[in-house]
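Here's the structure, in structure tokens; my notes come after.
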Amino acid sequence: MLKYVMRKYLTVFTTTVKEYAAYRLNFLLWRFRAVLNLIVIFFLWNAVLEKQNTFGNYGKESLLTYIILVNLIINFVLGTRTAEIAGEINNGDIINILLKPVSFFKFYWMRDLADKAVNIFFAILEVALLVYFFKIPLITPHNILLFIVLFIVGTLISFFINLMLSFIAFWTTEVWAPRFVFFMVVSFLSGSFFPLDLLPKPVYYAMLATPFPYLYYLPTKILVGQTDKIIYFEVLMAFVWLLLAWLLTRLMWNKGNRNFSFWGR
Amino acid sequence: MDIKKTLRLFTLYSRLSFRTIFQARTGIFFFMLGKAMRFLFLFLFIFLVFSRTRIIKSYDLNQVIVFFLTYTLIDNLSQMLFREVYRFRPLVLSGALDLILLKPHHPFLRILIGGIDFLDMLLIVPYAALIIIFACRLPQISLTGFFIF
């Protein structure tokens, strides 16, 4: 039985990976864009640190390692296929999934995992090439076990938030705009451009009350060893946000399902 | 095709685009909010970098801001004029492109400049104003330089 269930979801995973082969140029250009983003932000920080060896509480190597690693981790944490759910709710195609003998959440988790796996595979290759050609000095990763725990938590929070953004489609067709706002907020408040603890202390602490730092800032900060004390509060908050995100997603899904009706597709 | 007819069609498509955009009022709010946030966040990022350094590769804060604002303005202008290209792929995939190819005008008129994005148009004014403000702070600015810009 377990083998049958595993095979079912493994098929979802492999089918999603194969979908990328259908539009290869599209995917290649997507990766090209990701590399450009990384190069621009890396060279900006490299220029800033050209005449000084520290920036805030970060040494040159720590900061450059943070930028490289955070851009690597983003590929996994933010990689998602859940955006298509909104369209499927609006045009009724979601019925086709609801009628299948699969769990909706597991089905999309496997699709997300496939997306993340493909993106991280290419991202690792790209980063390795950049590190090799530009001789980027990287520091040895720290606290790998704690990183893995927070990395999984961040990935799950991102998955649930993305699901919620799509579940908005149960009530309105205007689904793209809230997702656009989310990506704008995430790009800044999750630490893609700089480590958040470079911000003034009150702003930084206010941000810790939101779910965004737990997506990829906190795991990366731990990996580059920028933690001089055990960060119980941050770890606790990450789990609180995971629980909240899960509960809210279930709530939206249940309410949305009661609200939803469509006819044969 | 004569220029008069092209302009008339461009105006017509822009009018239709205006009506389409303003049908989704919540969308307008969120898109404007998102665009404003992106601008504000990047602006703050520049200030954050310059809070701990004075010069980056011989560029000072005002020069970097003028660079950023120029990019934002050009990006905004092109998005305002060519918003329709974002919808080209779905047109091809769905086959709806055929309906455009059948129309008695050049297809680029519809798939390239087929409707101004009025949300981007609204943002041009503050961007242009900010460029002027920060450009005026540059000590080396001249009237000739401004016109060449």
Side-chain angles (χ1 to χ4, degrees), chain A residues 22-23 25-26 29-30 37 40-41 43-58 60 63 67 84 86-87 90-91 165 168-169 171-200 203-204 207 212, chain B residues 20-61 63-65 67-68 71-72 75-76 79 83 85-94 96 117-120 122-123:
Chain A
Y23 297 104
L25 183 66
N26 198 30
L29 290 176
W30 169 255
N37 275 344
V40 168
I41 198 74
F43 280 108
L44 172 71
W45 278 113
N46 200 37
V48 171
L49 294 163
E50 201 176 55
K51 287 184 179 161
Q52 59 194 71
N53 276 324
T54 56
F55 195 93
N57 47 341
Y58 284 79
K60 184 176 180 175
L63 191 48
I67 294 298
E84 65 199 30
N90 285 151
N91 66 24
L165 286 169
I168 293 173
W171 295 276
T172 175
T173 51
E174 294 176 43
V175 286
W176 176 232
R179 190 171 284 276
F180 175 68
V181 174
F182 170 71
F183 275 105
M184 291 306 112
V185 174
V186 153
S187 65
F188 192 81
L189 300 190
S190 297
S192 327
F193 299 134
F194 60 89
L196 296 179
D197 50 358
L198 288 178
L199 288 165
V203 181
Y204 174 63
M207 278 191 187
F212 305 110
Chain B
T20 313
I21 290 170
F22 281 85
Q23 268 180 348
R25 305 243 162 90
T26 324
I28 294 174
F29 170 75
F30 279 114
F31 272 119
M32 292 301 279
L33 182 72
K35 282 166 194 272
M37 280 166 115
R38 177 175 56 187
F39 177 75
L40 199 72
F41 285 157
L42 287 170
F43 213 74
L44 287 173
F45 174 54
I46 295 172
F47 276 100
L48 176 88
V49 170
F50 276 93
S51 67
R52 289 187 170 97
T53 187
R54 286 179 56 229
I55 301 273
I56 301 175
K57 291 263 182 194
S58 78
Y59 289 93
D60 65 19
L61 174 65
Q63 288 170 320
V64 170
I65 287 177
F67 250 102
F68 166 62
Y71 149 74
T72 309
D75 177 54
N76 204 70
Q79 297 226 22
R83 174 63 67 192
V85 290
Y86 285 84
R87 298 175 189 122
F88 182 65
R89 188 174 184 258
L91 283 177
V92 176
L93 293 179
S94 65
D117 189 328
F118 286 90
L119 300 184
D120 284 318
L122 288 172
L123 292 169

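Each chain gets a letter, A, B and so on, in the order the sequences are listed, and its residues count up from 1.
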Identify which part of B:R25 has an atom lying under 4.5 Å from any heavy atom of chain A, answering side chain, backbone, both or neither. backbone

Is there a side-chain contact between A:F183 and B:R38 (heavy atoms, below 4.5 Å)? no

B:L48 and A:F55: which non-hydrogen atoms are nearest, and at how many Å? O-CZ, 3.9 Å

Using 0.5 Å steps for rounding, measure from the CD1 atom of B:I28 to the CD atom of A:E174. 8.0 Å

Just wondering, do A:N26 and B:R89 contact through their side chains at under 4.5 Å, heavy atoms? yes

Could you tell me which non-hydrogen atom of B:R52 sits nearest to which non-hydrogen atom of A:L198, and how far apart they are? NH1-O, 3.2 Å

Contacting moiety of A:F43, where chain B heavy atoms sit under 4.5 Å: neither

Is atom OH of A:Y204 surrounded by more than 12 heavy atoms (other residues, nucleotides or ligands) closer than 6.0 Å? yes

Looking at the rings of A:F188 and B:F45, which for Trp means the six-membered one, are their centres under 6.0 Å apart? no

Rounded distance [0.5 Å steps], CG in B:L44 versus CG in A:L199: 9.0 Å

Tell me the closest heavy-atom pair linking A:V181 and B:M37, and the distance in Å. CG1-SD, 4.0 Å

Is the shortest heavy-atom distance from the side chain of A:W176 to the side chain of B:F30 under 4.5 Å? no

Is chain B contacted by the side chain of A:V185, its backbone, both, or neither, given a heavy-atom distance below 4.5 Å? both

If you define the side chain from C-beta out and look only at heavy atoms, does anything of B:V49 sit under 4.5 Å from A:W45? yes

Proximity breakdown for A:F193 and chain B, heavy-atom pairs closer than 4.5 Å: both

Does CH2 belonging to A:W30 count more than 12 external heavy atoms closer than 6.0 Å? no

Within 6.0 Å of OH in B:Y59, more than 12 heavy atoms from elsewhere: no

Closest non-hydrogen atoms of B:G34 and A:M184, given as atom of the first, atom of the second and distance, are O-CG, 3.3 Å

